[in-house]
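All ligand and atom numbering here is 1-based and tracks the order in the structure.
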Amino acid sequence: MMGDPLAETHGLCRSFADGNRARLPVLFDINCHIDARDHIALVGVSGSGKTTLLHILGGLDVPTTGTVAWPALGQRETLRPAKVAFVFQRPSLFPALSVVQNVALPVLLLDGRGDAVAAALDLLDQFGLLDLAEKLPEEISGGQAQRVAMARALITKPRLILADEPTGQLDSAGAHHLLDIALYLVGESGAAFVLATHDEAVAARLHIRWSLDAGRLSTDVLPREAHQ
Ligand SMILES: Nc1ncnc2c1ncn2[C@@H]1O[C@H](COP(=O)(O)OP(=O)(O)OP(=O)(O)O)[C@@H](O)[C@H]1O
């Protein structure tokens with residue numbers, strides 16, 4: 001039997017002030033849930049609300065009306081970085097820290113465990129980035145930085161990973177390579193994985209498809225075997 005969902009929303013709406021006292025509606029009446037082992041592609045044209053929805057599901061933003069909750073994970077304040085990890089669309093590595101320090105950081109912040117660096121090196125190795133371990137973020141390419149950010153998201157073995165266009169700066173082979181490793185690692189841990197993307201070939205590898213069209217969500221679940 002399926003346990004409690006990791007995340008769920010009911011009647012979620014989000015609007016932003018547009019500077020003119022009017023509200024700009026971005027998400028309308030979103031009802032969705034995420035279970036363990038769900039692999040979800042979140043698709044939609046630019047401006048359709050993908051980042052806004054991911055931020056709310058990650059507890060980084062709150063709905064204007066309606067609800068979001070994490071029944072299997074607990075209160076919003078306790079989600080990150082141990083239970084929910086986020087891969088941001090824009091570069092998010094700390095510029096003063098080396099690649100390996102960036103990847104180890106979430107574990108160091110959590111409990112200062114002595115094996116954080118070893119775990120970070122192991123993950124970098126799996127992503128084919130070991131040679132870059134001692135480099136600073138400014139010394140690596142945008143695509144390499146996206147792979148480092150994905151490694152950093154996975155280091156705490158979170159139950160839910162929310163990734164905002166993590167393959168946007170990679171060529172097709174690089175995008176599929178990143179997905180190969182990420183899907184292997186989330187498959188091992190049983191985590192759920194939500195990936196916003198414009199790339200149909202990337203989206204087609206995930207068995208659940210969420211489409212946002214001008215802030216409205218439709219979902220489509222396909223047989224898992226046909227994917228990956
Ligand atoms: N903090 C904010 N204040 C005002 N408007 C915002 C804010 N954040 C997002 N928006 C608006 O909400 C809409 C949806 O933005 P969002 O970034 O969620 O779209 P997206 O689907 O992720 O786009 P892209 O694919 O280009 O990243 C856009 O019109 C954007 O301008």
Worksheet item: Are Arg147 and Phe127 in a cation-pi setup, meaning NZ or CZ lies under 6.0 angstrom from the ring centre and within 45 degrees of the ring axis?
Response: no
Discussion item. Just so I know, are the side chains of Ser15 and Leu24 near enough to count as touching, which here means a heavy-atom distance under 4.5 Å?
Written reply: no
Fill in: Asp61: salt bridge (charged side-chain N to carboxylate O under 4.0 Å, His left out) partners, not counting sequence neighbours
Arg14
Worksheet entry | Over all atoms of both residues, closest heavy-atom pair of Gly58 and Val84 | CA-CG1, 4.2 Å
Practice prompt. For Asp29, look at atom CG and say whether over 12 heavy atoms of other residues, nucleotides or ligands are found less than 6.0 Å away.
Written response: yes
Fill in: Exam field: side chain Trp70 to backbone Leu57, donor-acceptor pair closer than 3.5 Å
yes
Response to the item:
Pocket residues around ligand 1 (non-hydrogen, under 4.0 Å) come out as Phe16, Val26, Val45, Ser46, Gly47, Ser48, Gly49, Lys50, Thr51, Thr52, Gln89, Glu165, His198
